Amino acid sequence: MLLQLLSLSVVFISGISAEYKNYDGFKILEVNFQNPRVRKYIQEIDKNLGFMPDFLGENWKQKQAHYFIDKDSVENVKTNLASNNITYQMRDVNPQIFKVRRRRDINGAITINDVNNRYLSYDEQMQFLNSIAQQYPNDVKLQKIGNSYEGRSLNAVRIGDDGSSKPIVWIDAGVHAREWISYNVALYLVYTIVSQPAYRDLLNAVQLVVVPNTNPDGYEYSRTNDRMWRKTRSRFSNGRCSGADANRNYPFFWGTQGVSHSQCSEIYCGSRPQSEPEVMALTNAIQREETRIKGYIALHSYGQEILYPWGHTMRTYPSDVQDLIQVGKAMAAAIRAVNNTDYNVVNSGDGLYPAAGASDDWAKSRGIKYSYTIELSPIDDYTGFSLPEDRINQVCREAFQAIQVLMIEVRSKFSIRQTTSSASSTSAQSSLLLKRMRTAVRGSGRG
Ligand code: 0X9
Ligand code: ZN
């Protein structure tokens with residue numbers, strides 16, 4: 001009995017790694033940007049402060065931006081804000097976030113129950129995918145699309161790939177390592193869509209490709225060394241800092257706005273476009289079948305936003321932006337129908353901030369019609385990237401509905417195989433929702 005208890009505690013309450021980065025004294029800066037003057041300050045915050053603070057997320061309902069301020073900069077930031085007459089809050093960081101009791105890999109099968117209730121290691125994620133591929137060999141194929149910098153396998157899950165040329169919806173997750181919820185959402189999606197017969201019809205008409213972990217090195221580093229790690233883990237010769245922001249490394253307006261060219265920045269765009277092996281692998285894989293890919297979503301957190309292009313600069317939109325807004329709103333409505341959670345549909349350059357070299361813009365530039373970034377929950381608290389594990393399942397269920405709406409739209413626009421008479425009730429409901437949203441958006445002009 002005692003032995004059993006001891007081994008359980010080793011499994012479940014494994015200690016905090018000695019190297020886990022200490023964030024004592026760091027603060028969260030919260031600025032309300034309702035006022036246009038403050039908004040302007042925020043848009044040029046890097047010029048105002050003389051450095052780019054680490055942007056965490058925003059609460060669009062209250063028009064508040066959250067930044068992570070390192071302890072040595074706190075006093076300077078306060079002085080600068082005061083001298084510019086900017087009202088702000090400086091909050092303490094919840095120390096619990098940096099004292100996550102990470103569970104070691106548990107021997108035994110990883111099930112959907114784990115996906116719904118806890119954050120998994122990269123190995124556990126892959127174990128889960130392998131078990132799904134074994135269970136549904138006709139529907140699920142794992143495809144290696146490359147290796148990360150540290151040599152981890154980058155895997156795409158191909159669902160409903162029957163060798164035909166049906167349209168594809170492509171979902172990828174976790175390019176930013178600390179945005180843990182995105183990995184669970186991707187795994188939940190894979191499981192749910194193959195295990196529930198209700199989605200058969202949809203999969204007969206639309207193929208889904210999911211890359212559940214696009215930055216495994218960064219993710220493992222964020223689990224073991226530094227909870228706030230965002231970038232890849234590439235090392236540079238004679239560099240002090242490691243990693244590039246893979247979402248600034250895509251080859252479209254690379255390096256122009258909302259990026260940094262210095263290696264230590266959280267938004268370092270890399271030495272050249274596609275310098276990161278992860279980005280090279282993803283762009284190659286997408287380009288191989290880009291004419292068939294009609295929908296693309298990059299899953300990120302946090303802020304509850306559905307962002308549409310262009311995002312490399314402000315006030316610039318693709319010619320079919322109305323279609324993107326329409327489907328974005330239908331996705332938000334589908335999310336709301338689950339538990340009344342609000343997602344804001346907004347242009348990424350105007351709504352959040354311009355940032356060039358991101359995957360959504362690049363996907364759109366390759367001709368993928370519906371391209372989005374979704375910033376998952378939360379919105380309203382400072383857990384931010386450490387969304388409590390008891391909220392994982394709801395976020396997964398909500399995002400699943402949004403992705404289903406996109407697949408339905410792609411089916412109706414691009415598939416030669418339309419719904420058969422046995423359409424599932426869920427699909428029928430989403431189609432109806434989409435129709436209603438179209439009518440509503442047409443009526444209300446630009447969103
Ligand atoms: O900055 C990003 O890469 C994304 N936000 S996050 O807080 N998850 O880091 C937003 C990217 C939006 N897309 C473009 N600006 N193109
Ligand atoms: Zn992100």
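Just so you know, these numbers come straight off a predicted model, no measurement behind them. Every number for a ligand or one of its atoms is a count from 1 in the order of the listing. Residue numbers start at 1 and run along the sequence shown.
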> Heavy-atom contact under 4.0 Å between Pro354 and ligand 1?
Replying inline: no
> Any ion pair linking Glu266 and Arg230 (charged N to carboxylate O, less than 4.0 Å)?
Replying inline: no
> For ligand 1, which atoms sit closer than 4.0 Å to a heavy atom of His300?
Replying inline: 8 (N)
> Of all the non-hydrogen atoms in the protein, which one sits nearest to atom 8 (N) of ligand 1, and at what distance?
Replying inline: Glu179 OE2, 2.9 Å
> How many angstroms lie between NZ in Lys63 and CZ in Arg39, if you round to the nearest 0.5 Å?
Replying inline: 6.5 Å
> Considering only heavy atoms, which of Asp361, Ile374, Asn247 lies nearest to atom 11 (C) of ligand 1?
Replying inline: Asn247
> So, Asn35 side chain and Arg37 main chain: donor-acceptor pair closer than 3.5 Å or not?
Replying inline: yes
> Looking only at heavy atoms of Trp310, does any of them come nearer than 4.0 Å to an atom of ligand 1?
Replying inline: no
>> Set out, in order, the CA-CA distance, both residues' side-chain angles and the distance that settles ring pair (Phe, Tyr, Trp, His ring centres under 6.0 Å) for Phe400 and Tyr199, then state yes or no.
In response: CA-CA 12 Å; Phe400 181 85; Tyr199 305 114; 5.1 Å; yes
>> As a test of understanding, state which of Thr214, Asn215, Asn249, Thr232 forms a side-chain hydrogen bond (donor to acceptor under 3.5 Å, both in side chains) with Glu276.
In response: Thr232
>> Please list the nearest protein heavy atom to atom 9 (O) of ligand 1 with its residue and the distance rounded to 0.1 Å.
In response: Arg230 NH1, 2.6 Å
> Hey, which atoms in ligand 1 end up nearer than 4.0 Å to a heavy atom of Tyr353?
Replying inline: 1 (O), 2 (C), 4 (C), 5 (N), 6 (S), 7 (O), 9 (O)
> Considering only heavy atoms of Ala355, which atoms of ligand 1 have at least one such atom less than 4.0 Å away?
Replying inline: 14 (C), 15 (N), 16 (N)
> Taking only heavy atoms of Asp360, which atoms of ligand 1 are found under 4.0 Å from at least one of them?
Replying inline: 12 (C), 13 (N), 14 (C), 16 (N)
> What atoms of ligand 1 come closer than 4.0 angstrom to any heavy atom of Gly311?
Replying inline: 14 (C), 15 (N), 16 (N)
>> How far is atom 6 (S) of ligand 1 from the closest protein heavy atom, and which atom is that?
In response: Glu375 OE2, 3.4 Å
>> Using side-chain heavy atoms (C-beta onward) and a distance below 4.5 Å, is Met331 in contact with Tyr343?
In response: no
>> Do Val259 and Trp254 have side chains that approach each other closer than 4.5 Å (heavy atoms only, starting at C-beta)?
In response: no
>> Are Phe68 and Phe26 an aromatic pair, judged by ring center distance below 6.0 Å?
In response: yes
>> Side chain, backbone, both or neither: which applies to Ser301 and ligand 1 if a contact is any heavy-atom pair less than 4.0 Å apart?
In response: backbone
